[in-house]
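First comes the structure, then the notes that go with it.
Starting from 1, each residue takes its place in the sequence as its number. Quick caveat, the model's predicted, so the values are computed rather than measured.
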Amino acid sequence: MPIFDLIKQDPLVATTFYLEIQGETVTNLTSVDGLAEEIETTDVVQRATNGQYIQHKAMAKSKFTGELTLKRYAPLDVVNDGIWKWFSAIRNGGMPAANRSAQRKSGSIVLYDTSMAEIARW
């Protein structure tokens with residue numbers, strides 16, 4: 001029976017996730033679920049210079065994106081927590097159709113290794 005080297009390099013060891021909003025690190029995360037995406041494939045048929053047909057599989061459009069769930073420890077001062085203030089403002093005041101961009105924010109989930117070097121960003 002042949003022996004396979006399943007791990008040719010050290011495995012990715014990362015236990016530290018942080019949430020960035022508008023480029024600023026806001027909080028560390030204890031759990032991140034839903035970083036998934038299904039992408040449809042399509043067949044691409046081409047004719048080579050010698051007249052032979054070549055068929056390729058290529059990525060098409062996004063079919064499904066996971067439902068993102070983030071968990072963190074409760075902050076000591078909830079009243080002054082930026083995420084809680086943002087959530088409360090939207091929950092209590094809604095997002096007016098005339099100015100939705102005022103409440104929307106862009107963000108990233110950043111993964112760090114044990115030496116706090118950035119490994120991945122979603």
Side-chain angles (χ1 to χ4, degrees):
M1 175 180 241
I3 298 174
F4 294 101
D5 184 11
L6 297 176
I7 301 175
K8 295 185 184 215
Q9 299 176 353
D10 288 337
L12 179 64
V13 177
T15 58
T16 309
F17 290 89
Y18 281 90
L19 175 64
E20 285 184 6
I21 296 178
Q22 302 293 106
E24 180 183 332
T25 301
V26 176
T27 186
N28 62 324
L29 302 169
T30 58
S31 175
V32 177
D33 291 318
L35 291 173
E37 182 177 21
E38 286 183 28
I39 299 175
E40 290 182 358
T41 59
T42 186
D43 293 327
V44 178
V45 180
Q46 297 176 329
R47 187 179 289 245
T49 54
N50 63 359
Q52 180 182 10
Y53 280 106
I54 301 173
Q55 183 175 358
H56 301 278
K57 291 270 187 194
M59 290 190 295
K61 62 182 181 177
S62 181
K63 180 177 171 181
F64 166 80
T65 55
E67 187 170 317
L68 192 60
T69 304
L70 308 176
K71 294 181 184 177
R72 67 181 183 139
Y73 292 115
L76 294 175
D77 186 7
V78 175
V79 176
N80 292 316
D81 181 53
I83 295 175
W84 184 251
K85 285 181 181 179
W86 178 45
F87 171 75
S88 294
I90 293 171
R91 182 186 60 190
N92 297 332
M95 293 180 72
N99 191 12
R100 289 192 173 155
S101 62
Q103 294 293 344
R104 291 187 177 166
K105 301 188 184 297
S106 61
S108 299
I109 298 169
V110 187
L111 176 63
Y112 293 92
D113 67 9
T114 54
S115 68
M116 293 307 290
E118 184 176 320
I119 295 176
R121 177 179 291 266
W122 293 269

| message | Going by the rule side-chain contact (heavy atoms from CB on, under 4.5 Å), which residues pair with L76 if we only count those two or more places apart in sequence or in a different chain? | response | none

| said: Distance check, rounded to the nearest 0.5 Å: E118 atom CD versus Y18 atom OH? | reply: 12.5 Å

Please list every donor-acceptor pair under 3.5 Å in which a side-chain atom of residues 22-29 meets a protein atom from a residue at least two apart or in another chain.
from : atom 1 : to   : atom 2 : distance (Å)
Q22  : OE1    : S106 : N      : 2.7
Q22  : OE1    : S106 : OG     : 3.2

| remark: Grouping ILVMFWY residues whenever side-chain heavy atoms fall under 4.5 Å, the cluster of V45 otherwise contains Y53

| said: Using the side-chain contact (heavy atoms from CB on, under 4.5 Å) criterion, which residues pair with D77? Sequence neighbours excluded. | reply: V79, N80

| Between L68 and I109, is any pair of side-chain heavy atoms under 4.5 Å apart? | yes

| message | Test: side-chain hydrogen bond (donor to acceptor under 3.5 Å, both in side chains). Region: residues 58-72. Which pairs qualify, not counting sequence neighbours? | response | E37-S62, R72-D81

| query | Taking the hydrophobic residues Ile, Leu, Val, Met, Phe, Trp and Tyr, and joining any pair whose side-chain heavy atoms are under 4.5 Å apart, which ones share a cluster with M59? | reply | I39

| request: Treating Ile, Leu, Val, Met, Phe, Trp and Tyr as nodes and any side-chain heavy-atom pair under 4.5 angstrom as an edge, say whether I90 and L19 lie in one connected cluster. | output: yes

| said: Holding to side-chain contact (heavy atoms from CB on, under 4.5 Å), I want the full list of residues that pass it with A98, two or more places apart in sequence or in another chain. | reply: none

| request: Just grab all the ring pair (Phe, Tyr, Trp, His ring centres under 6.0 Å) pairs involving residues 73-96, residues at least two apart or on different chains. | output: W84-F87

| All pairs passing salt bridge (charged side-chain N to carboxylate O under 4.0 Å, His left out) where residues 101-112 contributes a residue, at least two apart | none

| request: Could you tell me which residues satisfy salt bridge (charged side-chain N to carboxylate O under 4.0 Å, His left out) with E40, sequence neighbours excluded, listed by chain and number? | output: none

| field | Any residue meeting salt bridge (charged side-chain N to carboxylate O under 4.0 Å, His left out) with D43, in chain and number order, not counting sequence neighbours | value | K57

| query | Can you list the residues that meet the side-chain contact (heavy atoms from CB on, under 4.5 Å) rule with A117, with sequence neighbours excluded? | reply | D113, S115

